[in-house]
Amino acid sequence: MRDESLSDSLLAWYDRHARAMPWRVGPADRAAGVRPDPYAVWLSEVMLQQTTVAAVRDYFRRFVTRWPTVTDLAAAEDGEVMAEWAGLGYYARARNLLKCARVVASEHGGRFPETREALLKLPGIGPYTASAVAAIAFDERAAVVDGNVERVMARLYRVETPLPEAKPELTAHAAALTPAERPGDYAQAVMDLGATVCTPKSPACGICPWMAPCAARAAGVQADLPRKAPKKAKPTRYGIAYLARRSDGAWLLERRPDKGLLGGMLGWPGSDWSDAPTGAPPVEAQWQDPGLEVRHTFTHFHLRLALRVAEVGRDAVPDRGHFIPRAAFRPASLPTVMRKAFDLGASALPATESVAPDSD
DNA sequence: AAGGCGTGGCA
DNA sequence: TTGCCAAGCCT
């Protein structure tokens with residue numbers, strides 16, 4: 001059974017402390033009848049998967065400015081969406097975002113399904129996002145369980161079982177607390193609490209609306225919860241990236257395959273990334289070794305990427321990739337590791353003379 | 001069903 | 001420098 005005094009005290013706290021966000025309808029406006037745009041809720045929730053609010057803000061604004069509705073997004077070119085997502089990480093989210101937008105546009109008349117169950121069927125929408133959209137946009141009493149909620153529940157109920165084993169128990173607690181009234185505000189409230197008060201390292205118990213009922217706080221173990229299984233060490237992999245600049249300033253890039261690391265993104269042609277990388281240069285040239293190396297850490301390995309640079313003539317025909325004209329090339333459209341390679345490698349080539357744009 | 005999948009900030 | 005982490009999903 002639900003403990004309404006708990007959800008009530010949290011909602012009262014949220015009424016005073018809700019953070020303002022570009023996609024959020026605050027509690028006062030919500031109480032006055034303002035409804036959030038399901039498209040904005042969905043887009044923000046996908047962007048927020050494993051990603052900080054600070055990192056998402058500007059991406060969200062650019063997306064809704066460029067594609068104001070899900071129908072607009074559905075009509076976008078794949079490469080444009082991937083370029084706009086560049087730098088935000090977890091690029092499968094962007095591929096699934098577009099898939100989802102197209103399903104909503106073509107099979108649901110441009111309107112998002114309004115139940116958690118139906119939302120779960122869409123690409124890129126899992127248990128968390130389905131609950132968040134259902135609760136925030138459609139007032140369904142759906143319990144959100146993300147990293148914040150897991151932490152808050154583990155502390156409130158002093159769950160000592162380590163994650164991920166504890167997940168079902170924490171989910172049950174979260175579901176029991178979720179109120180029928182204001183489920184969307186409650187979802188945002190419990191996540192705000194986790195993000196600003198019940199933080200991973202020194203939680204601010206002194207200002208927490210749930211200080212009194214918190215079992216971990218009473219036992220003084222709040223900073224030790226939730227317990228987690230130890231993580232594996234990251235191996236180091238090595239690779240080579242080839243940066244070729246044509247005499248007209250065009251750069252040789254290739255589209256990475258949809259599956260796997262950085263799937264669907266542009267990148268520099270190169271070797272595989274392994275203990276002993278192999279891979280031929282993508283175009284015949286006088287390749288130079290400037291002695292530069294990009295260091296970058298992915299989710300599950302460290303990468304040391306050695307750079308090779310070359311200038312090639314107007315008639316160069318690459319074995320891999322294609323030349324992107326200087327005027328069309330934006331480093332910001334590259335995933336971060338590739339942008340780092342550009343920042344380093346471009347400085348190793350002589351400055352381009354200012355030439356008039358050419359006609360290919 | 002455990003592992004693949006990004007990035008930037010911070011102690 | 002290193003490790004940890006942040007509103008997970010997919011296979």
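All of these numbers come straight from a predicted model, not from anything done at the bench. In the text below, chain A, chain B and the rest are named by the order of the sequence lines, each starting its count at 1.
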| said: Is the distance between the ring centroids of A:W273 and A:F298 under 6.0 Å? | reply: yes
| field | d(CE, A:M47; C1', B:dG8) in whole Å | value | 16 Å
| query | With a non-hydrogen cut-off below 4.0 angstrom, is A:T336 in contact with a base, only sugar-phosphate, or nothing? | reply | sugar-phosphate
| Base, sugar-phosphate alone, or nothing: which one does A:R95 contact when heavy atoms must sit under 4.0 Å apart? | nothing
| query | Just checking A:R295: base, sugar-phosphate only, or nothing, at a heavy-atom cut-off of under 4.0 Å? | reply | nothing
| message | Please classify the nucleic acid contact of A:M21 as base, sugar-phosphate, or nothing, using heavy-atom distances under 4.0 Å. | response | base
| Using 4.0 Å as the upper bound for N to carboxylate O, is an ion pair formed by A:R237 and A:D275? | no
| Donor-acceptor pair present, A:T299 side chain and B:dG4 base, under 3.5 Å | no
| query | Are any of the side-chain nitrogens in A:D192 or A:R24 under 4.0 Å away from the carboxylate oxygens of its partner? | reply | yes
| message | Assuming nearest nucleotide by heavy-atom distance, tell me which of A:K201 and A:G89 is located more 5' along DNA chain B. | response | A:G89
| remark: In whole angstroms, the gap separating C1' of C:dT2 from NZ of A:K232 amounts to 20 Å
| remark: Quick note, A:H300 side chain, CB onward, closest among B:dA11, B:dT7, B:dC5 is B:dC5
| query | Going hydrophobic residue to hydrophobic residue with side-chain gaps under 4.5 angstrom, can you get from A:I324 over to A:W268? | reply | yes
| said: If you only use heavy atoms from C-beta on, which nucleotide in B:dG3, C:dC9, B:dG6 is closest to the side chain of A:T129? | reply: C:dC9
| said: Using whole Å, what does the distance between atom C1' of nucleotide B:dG9 and atom CG of A:L88 come to? | reply: 15 Å
| task | Indicate whether OP1 or OP2 belonging to B:dG6 is found under 4.0 Å from a side-chain N or O atom of A:H296. | result | no
| task | Identify whether any heavy atom of A:I125 sits under 4.0 Å from a base atom; if not, whether one sits that close to sugar-phosphate; answer base, sugar-phosphate or nothing. | result | sugar-phosphate
| request: Take atom CG of A:L48 and atom C1' of B:dT7, then tell me their distance rounded to the nearest Å. | output: 14 Å
| message | So A:G87, base contact, sugar-phosphate only, or nothing? Heavy-atom distance under 4.0 Å. | response | sugar-phosphate
| task | Give the rounded distance in Å between these two atoms: CH2 of A:W85 and P of C:dC9. | result | 12 Å
| field | Interatomic distance where NZ belongs to A:K259 and P belongs to B:dG3 [whole Å] | value | 20 Å
| said: Among B:dT7, B:dG8, C:dG3, which nucleotide has an atom closest to any side-chain atom of A:R339? | reply: B:dG8
| message | Ring centroids only, cut at 6.0 angstrom: are A:F342 and A:F329 within range, meaning strictly under it? | response | yes
| task | Assign A:P164 to base, sugar-phosphate, or nothing according to its heavy-atom contacts below 4.0 angstrom with the strands shown. | result | nothing
| request: Whole angstrom is fine here: how far is it from CG in A:L334 over to P in B:dG6? | output: 15 Å
| message | Mind checking if A:G260 touches a base, just sugar-phosphate, or nothing, with heavy atoms under 4.0 Å? | response | sugar-phosphate
| query | Are the aromatic rings of A:W251 and A:F323 close, with centres under 6.0 Å apart? | reply | no
| Distance-only donor-acceptor test (3.5 Å): side chain A:T51, base B:dG6 | yes
| query | CG of A:L122 versus C1' of C:dC10: gap in Å, rounded? | reply | 15 Å
| Mind checking the P distance from C:dT11 to B:dG6? Whole angstroms is fine. | 14 Å
| said: So, does A:Q50 get its side chain near the phosphate of C:dG8, meaning an N or O under 4.0 Å from OP1 or OP2? | reply: yes
| field | Minimum-distance nucleotide to A:Y128 side chain [options: B:dT7, C:dC9, B:dG8] | value | C:dC9
| field | A:T199 or A:N96, whichever maps to the more 5' nucleotide of DNA chain C | value | A:T199
| query | How would you label the contact of A:V144 with the nucleic acid (heavy atoms, under 4.0 Å): base, sugar-phosphate, or nothing? | reply | nothing
| field | Base of B:dG6 paired with side chain of A:Y90 (donor-acceptor, under 3.5 Å) | value | yes
| task | Answer with base, sugar-phosphate or nothing: what part of the nucleic acid does A:K231 contact at a heavy-atom distance below 4.0 Å? | result | sugar-phosphate
| task | Nearest-nucleotide wise, let me know which of A:E45 and A:K99 is further upstream toward the 5' end of DNA chain C. | result | A:E45
| query | Is it true that A:D139 and A:R30 make a salt bridge, defined as a side-chain N closer than 4.0 Å to a carboxylate O? | reply | yes
